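Note that the structure is a prediction, hence the values are computed from the model and not measured. Here, residue 1 is the first one in the sequence, and each next residue gets the next number.
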Amino acid sequence: MELTNSVVRLSKVAESQPQAAFSALAKSLQFEWSYLQRILPNFDDEYVPIQDAVNQMFWPAVFAGTISNQEHHLFTLPARMGGMGVRNPVETSKVTFATSRADTSNIVDAIKGCKQFSTSNHSIQMSEAASRMHKIFQQNDEDKLTSVLATLDPNTRRAITRSVGSKSSSWLTVLPIALHHFDLSATEFRDSLALRYHRPLLKAPANCDGCGDDFNMTHALDCRKAGFVIQRHNEVRDALGDLASLVYKDVIREPIVQEANDACGLPSLVADLSI
């Protein structure tokens, strides 16, 4: 099937450009098989190779590592529910076709001469069918999320629950447009996914270069010797400065509020930002 070959080709792209490949699959390719699901009944078995290619080739290439069965199920959920927003076509085939058939029932009856076509009735029918499908998907997603979370270790469960509760998944669903600085390097994208799913950071050192302790995500965020704490502070300061400079002319980073007084042993007083 050509769609399976497309997933294989995207998997090769994902090795060097994971964000672009993921965006292509989530924003484009999966809607091609969604179209087939709307017009072809009893076609479930044909989608198995597609899902196998996604699980066995695409996700390992995006994450540059092995993927557990729990993660395979989790990734089929919407991003707002802790997933990656790539539906399993085998699971959605029947519901999608039934919804499409309900959507077009008024048109079909009108073509057959069974009834007079009404635009208003057609709009109502489409709205009701879409609402029913949304409720089915929503209930299935909630049940799947509950089931998957129950099988995960506490740290991973907490990371996913935090992403869902804080509604902090918009970075995953935006297009990687360089003009708006939404494009991430392969390392940045994979590190962001590692933080989202509590996976080990790739290419991380064994020990902290500042204090020598074992290096992990928690230590990277807490260590005061290696510079990560001040780096996070400076990134927020620089972001505010960049936004302020769009409106005000005299935006100064780290302005000196008071010069150092050597006689009294007082250091200089430096602010973060002057607007």
Side-chain angles (χ1 to χ4, degrees), residues 3-4 6-11 13-14 17-38 47-48 50-65 67-96 99-100 130-131 133-149 152 156-157 159-177 180 182-184 186 188-199:
L3 289 172
T4 304
S6 297
V7 174
V8 173
R9 288 193 291 269
L10 276 180
S11 301
V13 174
Q17 302 179 62
Q19 186 187 23
F22 166 70
S23 182
L25 179 64
K27 300 289 187 181
S28 178
L29 186 59
Q30 73 166 329
F31 291 101
E32 292 189 28
W33 66 64
S34 177
Y35 170 74
L36 293 179
Q37 290 178 330
R38 292 196 297 271
Y47 301 116
V48 173
I50 297 176
Q51 188 59 34
D52 287 344
V54 171
N55 288 344
Q56 298 171 13
M57 300 183 67
F58 185 76
W59 291 132
V62 169
F63 283 80
I67 307 298
S68 67
N69 288 331
Q70 295 96 326
E71 288 174 324
H72 283 153
H73 291 297
L74 182 64
F75 294 164
T76 63
L77 294 173
R80 59 184 171 79
M81 298 187 71
M84 295 288 286
V86 179
R87 296 282 187 181
N88 183 338
V90 180
E91 297 177 350
T92 60
S93 178
K94 285 185 172 61
V95 175
T96 303
T99 301
S100 176
S131 177
M133 185 178 73
H134 175 74
K135 290 179 180 179
I136 292 173
F137 278 174
Q138 180 70 19
Q139 186 60 55
N140 291 342
D141 290 342
E142 291 175 357
D143 293 343
K144 180 181 288 189
L145 178 60
T146 302
S147 176
V148 171
L149 288 177
L152 298 175
T156 305
R157 187 186 308 125
I160 295 171
T161 303
R162 182 174 63 242
S163 295
V164 175
S166 62
K167 299 180 180 179
S168 56
S169 299
S170 57
W171 67 271
L172 189 60
T173 59
V174 297
L175 291 173
I177 301 174
H180 302 308
F182 292 156
D183 58 323
L184 302 176
E188 289 172 333
F189 187 67
R190 286 173 175 142
D191 282 351
S192 298
L193 291 176
L195 292 171
R196 177 178 175 85
Y197 295 110
H198 200 264
R199 294 170 61 92

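- Counting heavy atoms from C-beta outward, Trp171 and Phe189 have side chains that approach closer than 4.5 Å.
- Atom CD of Gln30 has more than 12 neighbouring heavy atoms from other residues, nucleotides or ligands inside a 6.0 Å radius.
- The shortest heavy-atom contact between Ser163 and Ser169 is O-OG, 4.2 Å.
- Gln138 places none of its side-chain heavy atoms less than 4.5 Å from the side chain of Met133.
- One N or O on the side chain of Gln19 and one on the backbone of Phe182 form a donor-acceptor pair closer than 3.5 Å.
- Between the side chain of Thr96 and the main chain of Gln37, no donor-acceptor pair closer than 3.5 Å is present.
- Between Thr146 and Leu149 the shortest side-chain heavy-atom distance does not fall below 4.5 Å.
- Checking side-chain atoms of Ser147 against main-chain N and O of Asp143 turns up no donor-acceptor pair under 3.5 Å.
- Contact between Ile67 and His72 at its shortest, heavy atoms only, is CG2-CD2, 3.4 Å.
- Note that CG of Leu152 and CD of Gln70 are 6.0 Å apart. Values are rounded to the nearest 0.5 Å.
- Lys135 places no side-chain N or O within donor-acceptor distance of the main-chain N or O of Ala130, the cut-off being under 3.5 Å.
- Atom OH in Tyr197 sits 11.5 Å away from atom OG in Ser192 (nearest 0.5 Å).
- Remark: side-chain polar atoms of Ser93 are not paired, donor with acceptor, to backbone N or O of Pro89 under 3.5 angstrom.
- With Arg38 contributing its side chain and Ser100 its backbone, the two residues share no donor-acceptor pair below 3.5 Å.
- Side-chain atoms of Tyr47 never come within 3.5 Å of backbone atoms of Thr92 as a donor-acceptor pair (strictly under, hydrogens ignored).
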Steps toward side-chain contact (heavy atoms from CB on, under 4.5 Å) verdict (Arg157, His198): CA-CA 9 Å; Arg157 187 186 308 125; His198 200 264; over 6 Å; no
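- Leu175 places a side-chain heavy atom less than 4.5 Å from the side chain of Lys27.
- Between the side chain of Ser28 and the main chain of Leu25, no donor-acceptor pair closer than 3.5 Å is present.
- Put simply, CG on Asp191 and CG on Leu184 are 10.0 Å apart, with the number rounded to the nearest 0.5 Å.
- Arg199 and Thr156 share no side-chain donor-acceptor pair at under 3.5 Å.
- The shortest side-chain heavy-atom distance between Arg87 and Asp141 falls under the 4.5 Å cut-off.
- The closest donor-acceptor contact from the side chain of Arg190 to the backbone of Val62 lies under 3.5 Å.
- Nearest heavy-atom pair, Pro176 versus Asp183, reported as atom, atom and distance to 0.1 Å: O-CB, 3.8 Å.
- Considering CZ of Arg80 and NZ of Lys167, their distance stands at 10.0 Å, rounded to 0.5 Å.
- Put simply, the side chain of Gln56 never gets that close to the backbone of Ala53: no donor and acceptor are under 3.5 Å apart.
- The two atoms that bring Glu32 and Leu3 nearest to each other are OE1-CD2, 3.5 Å, heavy atoms only.
- When all heavy atoms are compared, the tightest approach of Leu193 to Leu172 is CD2-CD1, 4.0 Å.
- Here the straight-line distance linking atom CG of Asp52 with atom CE of Met57 works out to 11.5 Å at 0.5 Å rounding.
- Phe75 and Trp59 have their aromatic ring centers within a separation under 6.0 angstrom.
- Annotation: the span from His134 atom NE2 to Thr99 atom OG1 amounts to 12.0 Å, rounded to 0.5 Å.
- Of all non-hydrogen atoms in Thr76 and Gln51, the two that sit nearest each other are CG2-NE2, 4.4 Å.
- With contacts defined as side-chain heavy-atom distances shorter than 4.5 Å, the pair Val86/Phe58 does not qualify.
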